[in-house]
Amino acid sequence: MESYGQMITDMRSVFLSGKTKSEKWRSTQLRAIVNLIEENAQKICDALQADLHKHKGEVIITEMELCKNDAINAINHLSEWMKPEKVAKSMMFMMDNACIQKEPLGVSLIIGAWNYPIQLILLPMIGAIAAGNCCILKPSEMSPKTAEFLHEYIPKYLDNDCIKVVLGGVPETTALLKERFDIILYTGNSMVAKIVMEAASKFLTPVILELGGKSPVYIDRNIDLNVVARRVSWGKFINAGQTCVAPDYVMCPKEIQGELVSCLKNAIDDFFTKDTKSSDSYGRIVNSRHFGRLQKLLEGTKPVIGGESDETERFIAPTVITDVQLSDKIMQEEIFGPILPIVTVKDHNEAIEIINSREKPLALYVFTTNKTVREDIRQKTSSGAFLANDTVVHGGLCSLPFGGVGNSGMGAYHGKHTFNAFSHSKAVLEKSLGMESAMSLRYPPYTEAKLGWLGWIMKEKIKRKGIMSFFPFVVMGAMFGLLFKTVGVTAAETDRNN
Ligand code: NAD
């Protein structure tokens, strides 16, 4: 642990040597990440099976393909992302070169959580490398087999001088956080996020916090509840409910609750059979602490689906509870397990009130065929993401930023957003030494004449909106028309006279 300081100093001098800035280095590392995943697919599946009883299908969809595609997307767009971006210029800067140059921040620290332990380390690392940074990766100790895999295989594929994996739990992370980093990306709960932010504040290190919370679902009347139930059940029960953007609770009008429950039952049976415990597609709770926490949430409830559990296997069946009150224990914290409470509401307006009375969620799901309901909820609430008529899948579209707002996090990543998050947008203005007489207008002594000219050059005009924005073109068109007409008439008269 004492060697972290030296490790970071060494890494910073490699960074300052400029090694990680070249496009070739970045692209070689990104290609190596693709190879790392492709050549070790079985080992990754085995590690996740051991840590979380994750089925290969889930590992492919939610971990390996996601990371591979993100790396390939970065390889394909790297040159374009690295290019300086030209910006609009006012009259004062007409003759100058003005652009935004993305530059790497330096040495980054990426702290991962246990529920998607490959994705939560590799996705931030892909963007950090694409942006030209060095990385220290700290996988979660709660998914130890996956952490060991990353510790053993990342050095075999990636540049060891610039990318390192540190194993350990609280003491190791605490020791790391004493050091100076240029950016920290932390994924996990909001209590630890405060510790991370406090440590970062000592060096004014920027932080990206990927947190969780209670992501609500609103289900409207007059909708195909079979489809809705399948999409909600999939998002809720993959990884046994241990997904940051899993639907946490459902709100729906009372009259559809009964039919929704029978559709949820059909979907669960379809996905995991009636004997969920023996289904290899269903996960397990990560450890006995979380198993105990979820059991406490179930105390005193009367599940209408599931409710069974087995401590020896840390198995909790997909569980649904109806007529839940907002004051119930299960509505006070993020569930992060396979329990789905249903709260009945009068209509979508009541759902909006409930959402707005709580912390801003990481994701908000709305199932409706009514455009007004959908737009109403989208416009009148705030959440990390808004998804209509599905759950969780927005995380698979890397052109969308993934992140929270308020208590669900700060900053966002995935795809180009990770590249941007790990870059500084440097303002670049390159002027010539010419035009000094025009430039002299800004120098003292100030005179009315100089100020008059400056005001004219510097003044921004409010753009006209709507039909009025065409007004200058109409006037110009009319003037040209008049001009041509006059010239035409004059020419015709001259012809006639000749
Ligand atoms: P965790 O226990 O794996 O902790 C996350 C990391 O923090 C680990 O690497 C751990 O070593 C470190 N850590 C724990 N305690 C610490 C301390 N006292 N000081 C310093 N470091 C410490 O994961 P977790 O917190 O149980 O994760 C679950 C939470 O994360 C949920 O709230 C979930 O919604 C959220 N989450 C969010 C995302 C996202 O992308 N927004 C993804 C996954 C999980």
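In listed order, ligands and their atoms are each counted from 1. The basis for the numbers below is simple: all heavy atoms, side chains too, and nothing from hydrogens, waters or symmetry mates.
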Notebook entry, point to check: Considering only protein heavy atoms, which is closest to atom 17 (C) of ligand 1, and at what distance to one decimal place?
Noted result: V170 CG1, 3.8 Å
Note to self: Geometry only, no angles: is G213 polar-contacting ligand 1 at N/O separations under 3.5 Å?
What the structure shows: no
Margin query: If you take the nearest heavy atom of each of P117, S140, A246, which one is closest to atom 3 (O) of ligand 1?
Written below: S140
Checklist line | N or O contact, Y413 vs ligand 1, cut-off under 3.5 Å | finding: no
Notebook entry, point to check: Purely on distance, is any nitrogen or oxygen of F402 under 3.5 Å from one on ligand 1?
Noted result: no
Next item on the list: Check whether any N or O atom of N189, backbone or side chain, sits under 3.5 Å from an N or O atom of ligand 1, and answer yes or no.
Entry: yes
Item checked: Set of ring pair (Phe, Tyr, Trp, His ring centres under 6.0 Å) partners for Y153, sequence neighbours left out -> F149
Check: Which heavy atom of the protein is the closest neighbour of atom 15 (N) of ligand 1, given with residue, atom name and distance?
Finding: V192 CG2, 3.4 Å
Next item on the list: Please write down residue, atom name and distance for the protein heavy atom closest to atom 8 (C) of ligand 1.
Entry: G112 O, 3.3 Å
Item checked: Test of proximity, W114 against ligand 1: N or O pairs below 3.5 Å -> yes
Item checked: Contact (N/O only, under 3.5 Å) between N115 and ligand 1 -> no
Check: For ligand 1, is any non-hydrogen atom under 4.0 Å from V196's backbone (N, CA, C, O), its side chain (CB onward), both, or neither?
Finding: neither
Checklist line | Spacing of CD1 belonging to I136 relative to CD1 belonging to I8, to within rounding of 0.5 Å | finding: 4.0 Å
Next item on the list: Please list all pairs passing the salt bridge (Lys or Arg N to Asp or Glu O under 4.0 Å) test where one or both residues lie in residues 27-44, with sequence neighbours left out.
Entry: E38-K68
